[in-house]
Novice: 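Please find one structure pasted underneath; my questions will follow.
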Amino acid sequence: MATRLAQEWFTICGGCEVTILDVGEPLLDILPKLEIVHMPVIMDHKIYGQTGEKTAMEIPEADVGIITGGIRSEEHKQLAQEMRKKCKTLVAMGSCACYGGIPALANLSTVEELYEKVYHGSVSTESNGIPNEQVPPLTDRVYAIHEVVSVDVKLPGCPTTPELFVNAVTALLEGKPFALGGKSVCDECPFVREKKAVSALKRPLEPIAFTPGEPMNTVRCIMEQGFLCLGPATKAGCGGAEGTPRCIRAYMPCRGCFGPLAENANPMVDMMGALASIGLDPKQIPDRAATFNRFAGAQGRLRPVPTKGGKPS
Ligand code: SF4
Ligand code: SF4
Ligand code: SF4
């Protein structure tokens with residue numbers, strides 16, 4: 001019997017849905033085993049009935065439910081609860097769903113500040129007031145899915161990788177559990193660490209030092225070369241079977257898209273420690289809270305910034 005799959009998207013860019021398309025040929029092996037019962041990105045199945053005849057949101061029963069995006073409105077909250085109620089196994093896909101992702105950078109501002117900025121303060125917007133009819137109210141901040149309903153499987157990444165998606169779905173189809181380990185991106189990086197930086201922090205657009213064709217395990221750690229790399233505070237897993245993290249493979253620093261090392265980890269504290277341990281001054285980094293929590297601003301990691309008078313700026 002086919003596995004029933006439901007998928008919903010909340011505060012997203014669509015990149016995680018593109019990841020599913022990017023799976024390529026392995027998708028041909030998976031699709032015959034699935035019966036997709038709800039997936040707004042590819043099918044016209046409406047949550048209030050096809051003609052809007054229902055008064056409550058309804059999603060069909062499913063074996064596996066996948067949610068992309070974090071929670072930013074009361075509608076998302078209710079939909080997450082409905083998905084949890086109807087899906088035996090619930091998967092949070094992408095760092096927006098797992099940790100708030102890029103949209104949770106807005107947690108540095110109050111809802112009132114966001115409305116003011118978008119509907120009044122923007123030079124490109126003719127102000128017609130704040131829309132309040134036929135639109136769901138915003139929640140006070142962006143929430144990760146597991147802050148609202150329990151989640152069984154987390155697939156981080158911005159976007160998550162096709163390989164991780166296939167591995168997770170294949171495990172779930174076989175009735176096996178799926179979870180990423182506790183390693184960091186540094187643990188899977190082949191670059192050489194000597195535990196001290198060769199220079200002060202540099203501008204990110206300068207090239208890193210390596211000789212084309214040189215084996216990766218002789219190239220100096222990007223951070224020790226003076227470039228900010230979030231590998232020490234970021235969960236491993238983007239490298240898949242190959243192991244080497246994806247950005248490192250391209251000789252680029254890790255931006256932290258797989259999120260914190262553990263549920264309650266604080267990437268800002270972890271990164272300040274990592275930078276200080278090799279002699280780099282973390283205070284040189286502007287906008288530190290947002291830089292170190294770029295993909296993980298839910299769960300209280302990013303909050304409105306108070307001004308001297310006690311009010312948010
Ligand atoms: S995790 Fe990244 S790719 Fe996925 S929806 Fe969020 S912003 Fe888009
Ligand atoms: S800081 Fe970055 S470049 Fe250095 S070892 Fe860690 S992941 Fe690799
Ligand atoms: S190296 Fe870092 S930023 Fe790049 S894909 Fe992996 S976790 Fe994401």
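In each ligand, atom 1 is the first atom listed, and ligand 1 is the first ligand listed. Residue indices begin at 1 and follow the sequence shown.
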Novice: At a non-hydrogen distance cut-off of under 4.0 Å, which region of R193 contacts ligand 2 (side chain, backbone, both, or neither)?
Specialist: side chain
Novice: Examine distances only and state if a side-chain atom of T161 and a backbone atom of C238 form a donor-acceptor pair shorter than 3.5 Å.
Specialist: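 No, T161 side chain to C238 backbone: no donor-acceptor pair under 3.5 Å.
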Novice: Give the atom numbers and elements of ligand 1 that come within less than 4.0 Å of a heavy atom of I12.
Specialist: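 Checking each atom against I12, I get 5 (S).
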Novice: Got a second to check how far S109's OG is from E116's CD, nearest 0.5 Å?
Specialist: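 S109 atom OG to E116 atom CD measures 12.0 Å (nearest 0.5 Å).
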Novice: Find all atoms of ligand 1 within a distance of less than 4.0 Å from any non-hydrogen atom belonging to S95, and give their numbers and elements.
Specialist: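 Taking each heavy atom of S95 in turn, ligand 1 has 1 (S) under 4.0 Å.
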Novice: For the pair R4 and E35, find out whether any cationic side-chain nitrogen is under 4.0 Å from an anionic carboxylate oxygen.
Specialist: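 Answer for the salt bridge query: yes.
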Novice: Going by the order shown, which atoms of ligand 1 are within less than 4.0 Å of some heavy atom of G15?
Specialist: 3 (S), 8 (Fe)
Novice: Rounded to the nearest 0.5 Å, how far apart are SG of C96 and CD1 of I67?
Specialist: 13.0 Å
Novice: Nearest 0.5 Å, what's the CZ-CG distance between F178 and L155?
Specialist: 6.0 Å
Novice: What atoms of ligand 3 come closer than 4.0 angstrom to any heavy atom of C247?
Specialist: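 Numbered from 1, ligand 3 contributes 1 (S), 3 (S), 4 (Fe), 5 (S).
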Novice: Among all protein non-hydrogen atoms, which one is nearest to atom 7 (S) of ligand 3, and what is the separation to 0.1 Å?
Specialist: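 Its nearest protein heavy-atom neighbour is F258 N, 3.6 Å.
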Novice: Which protein heavy atom lies closest to atom 2 (Fe) of ligand 2, and at what distance to 0.1 Å?
Specialist: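 For atom 2 (Fe) of ligand 2, the nearest protein heavy atom is C229 SG, 2.3 Å.
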Novice: Considering only heavy atoms of P159, which atoms of ligand 1 have at least one such atom less than 4.0 Å away?
Specialist: 3 (S)
Novice: When you look for heavy atoms under 4.0 Å from ligand 2, do you find them on the side chain of C186, its backbone, both, or neither?
Specialist: both
Novice: Pull out every atom of ligand 3 sitting under 4.0 Å from any heavy atom of C254, numbered as shown with elements.
Specialist: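 Once the distances to C254 are compared, the set is 1 (S), 2 (Fe), 3 (S), 7 (S).
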Novice: Would you say G157 touches ligand 1, if touching means a heavy atom closer than 4.0 Å?
Specialist: yes
Novice: Between H45, E58, Q7, which is the residue that forms a side chain to side chain donor-acceptor pair (under 3.5 Å) with H38?
Specialist: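 Between H38 and the candidates, side chain to side chain donor-acceptor pair (under 3.5 Å) is satisfied uniquely by H45.
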Novice: Students should be able to answer this: which protein heavy-atom is nearest to atom 8 (Fe) of ligand 3, and at what distance?
Specialist: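 Heavy-atom neighbour on the protein nearest atom 8 (Fe) of ligand 3: C257 SG, 2.4 Å.
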Novice: Here's one to test your reading of the geometry: is the NZ or CZ of R141 within 45 degrees of the ring axis of Y143 and under 6.0 Å from its centre?
Specialist: yes
Novice: Do any heavy atoms of G101 fall under 4.0 Å from ligand 1?
Specialist: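 Heavy atoms of G101 never come under 4.0 Å of ligand 1.
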Novice: Tell me if the CE atom of M57 is crowded by more than 12 foreign heavy atoms within 6.0 Å.
Specialist: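 Count over threshold, so yes.
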Novice: Identify, for atom 6 (Fe) of ligand 1, the protein heavy atom at the shortest distance, and state residue, atom and that distance.
Specialist: C96 SG, 2.3 Å
Novice: Rounded to the nearest 0.5 Å, how far apart are CD of Q78 and NZ of K85?
Specialist: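 The NZ atom of K85 is 10.5 Å from CD of Q78, to the nearest 0.5 Å.
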Novice: If you take the nearest heavy atom of each of D187, I278, I208, I222, which one is closest to atom 3 (S) of ligand 2?
Specialist: I222
Novice: Between the side chain of S95 and the main-chain N/O of P156, is any donor-acceptor distance below 3.5 Å?
Specialist: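 Between the backbone of P156 and the side chain of S95 there is no qualifying donor-acceptor contact (under 3.5 Å).
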Novice: Quick test of your reading of the structure: of P245, P190, C221, whose heavy atom lies closest to atom 4 (Fe) of ligand 2?
Specialist: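 Answer by nearest heavy atom: C221.
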Novice: Does C238 bring an N, O or S atom to within less than 2.8 Å of atom 2 (Fe) of ligand 3?
Specialist: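 Given the 2.8 Å cut-off, C238 does not count as a ligand of atom 2 (Fe) of ligand 3.
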Novice: Side chains of E17 and T68: any donor to acceptor distance under 3.5 Å?
Specialist: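 A pair is found: one side chain offers a donor N or O, the other an acceptor, under 3.5 Å apart.
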